[in-house]
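Following: one structure in C-alpha cells, then a few remarks.
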Amino acid sequence: MSIVIKTPEDIEKMRVAGRLASEVLDFIEPHVKPGITTGELDRLCHDYMVNAQETVPAPLNYAPPGYKPYPKSICASINHQVCHGVPGDKALKKGDIVNLDITVIKDGWHGDTSRMFLVGGDASILARRLCAVTYECLWLGIDHVRPGAHLGDIGHAIQRHAESCGFSVVREFCGHGIGRQFHEDPQVLHYGKPGGGPELRPGMIFTIEPMINAGKAAISELPDGWTIVTKDRSLSAQWEHTVLVTESGAEVLTLSAGSPARPDSRG
Ligand code: MF3
Ligand code: CO
Ligand code: CO
C-alpha cells in the first residue's frame, strides 16, 4: 500500500466522519461513572452510532489478518489495559482511568478518536499525571504536522516528552493513515528520530494515538486475542485524534463541542 492523498471532496467527508466520532465521546461522557460496565457503555455507543448518527461502528467484526473478528463496537481500556480492551461485564470503579476509542464510518469514510476518562474523579496523582502527559504528547505530535516535516519529527517529540516525565512509549502499536480504510499507510510511530520516515504532504490524513505507560514499555495480549495490557501491570493512557496535513500545517478532524481544550503547556 502507499500513502493516499485525499482530494478536497474526500477531505469534506473525513471532516464529517471525524466530528461524528468525537460526538460519540461527547454523548457517552456523562455515562462514564462508577458502577457502569464497559459492556453497557458499548451498547449505549452502539445504539447512538447506529440509530442517532446513522454511522457504522468500524470495530464491530473488524478482522485484520491474524486476528479473530472484534466482537464489540467500541474499545474500552481500563487502568493497566493499553488498548483494544474488549467491553464486558466489569463495572468501573471510582479512581479508575479508562480510554474509550471510537471509530465510525460515515458514507464510506472513517473517523477515529479516543479520550481518557477519570472515573468518579478520585484518580491517583500518578494516574492524573499520566493522562495529562499523554494528552500533551498527542498535541506535541500534532504541533509537528505540516508539509515538509517528517513522521519521525512527530514520534521524536512524543517520545522525548513521555520519557522526560519518567514514562515509556508502547512500540507495538502506532497511529495510521485513515480514509476509506480503517488502517492505511503510513504507520505513525510514537517514537523516532527528527527527519526520519516519510515526508508529510498536503492531503495526507492519519491518526496520532500515543500509548504511554507509567512503568516499562513491554506489553502482552490477553487470551481474548485483543486486549493489550502492560506486562508489569503499570497504568497506561492513550489519546487519539485524526489529523489532516494542510498547506500550512494541521487540521484536527476529530473535534466537537465536548472536546477537551488543547493543553496550554506541552511540557
Ligand atoms: N481504534 C483503534 C485504533 O485507533 C483500532 C481498534 S481495532 C478494534 O486504531 F478492532 F479493536 F476495534
Ligand atoms: Co486509530
Ligand atoms: Co482509535
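Whatever order the structure lists ligands and atoms in, that order sets their numbers, starting from 1. If you're wondering where the values come from, they're calculated on a predicted model, not measured in any experiment.
The option with the heavy atom closest to atom 1 (N) of ligand 1, from among Ile228, Leu60, Ile74, Asp101, is Asp101.
Glu240 contributes atom OE1 as its closest N/O/S atom to the Co ion (ligand 3). The Co ion (ligand 2) sits nearest to atom NE2 when only the N, O or S atoms of His176 are considered.
Using a 3.5 Å distance cut-off with no hydrogens or angles, the side chains of Asp101 and Ser114 do not pair a donor with an acceptor. No side-chain N or O of Asn213 forms a donor-acceptor pair with one of Thr230 less than 3.5 Å apart.
When the side chains of ILVMFWY residues are joined at heavy-atom separations under 4.5 Å, either directly or via intervening members, Trp109 and Leu253 end up in a single hydrophobic cluster.
With a 4.0 Å heavy-atom cut-off, ligand 1 is reached by the side chain of Phe182 but not by its N, CA, C or O. Looking at Cys75 against ligand 1, only its side chain comes within 4.0 Å, counting heavy atoms. Residue-level proximity to ligand 1 for Asp112 is carried by the side chain, the only part with a heavy atom below 4.0 angstrom.
For the pair His183 and ligand 1, a heavy-atom separation below 4.0 Å is found. Not a single heavy atom of Thr207 sits closer than 4.0 Å to an atom of ligand 1.
The Co ion (ligand 3) forms the vertex of an angle spanning OD2 of Asp101 and OD1 of Asp112; to the nearest 10 degrees it equals 150°.
Ring centers of Tyr62 and His183: under 6.0 Å apart, within the cut-off.
For the Co ion (ligand 2), the N/O/S atoms of His183 include none lying under 2.8 Å.
Looking at Trp226 next to ligand 1, no N or O pair under 3.5 Å apart turns up.
In terms of protein heavy-atom proximity, atom 7 (S) of ligand 1 is nearest to Tyr62 CD2, 3.9 Å.
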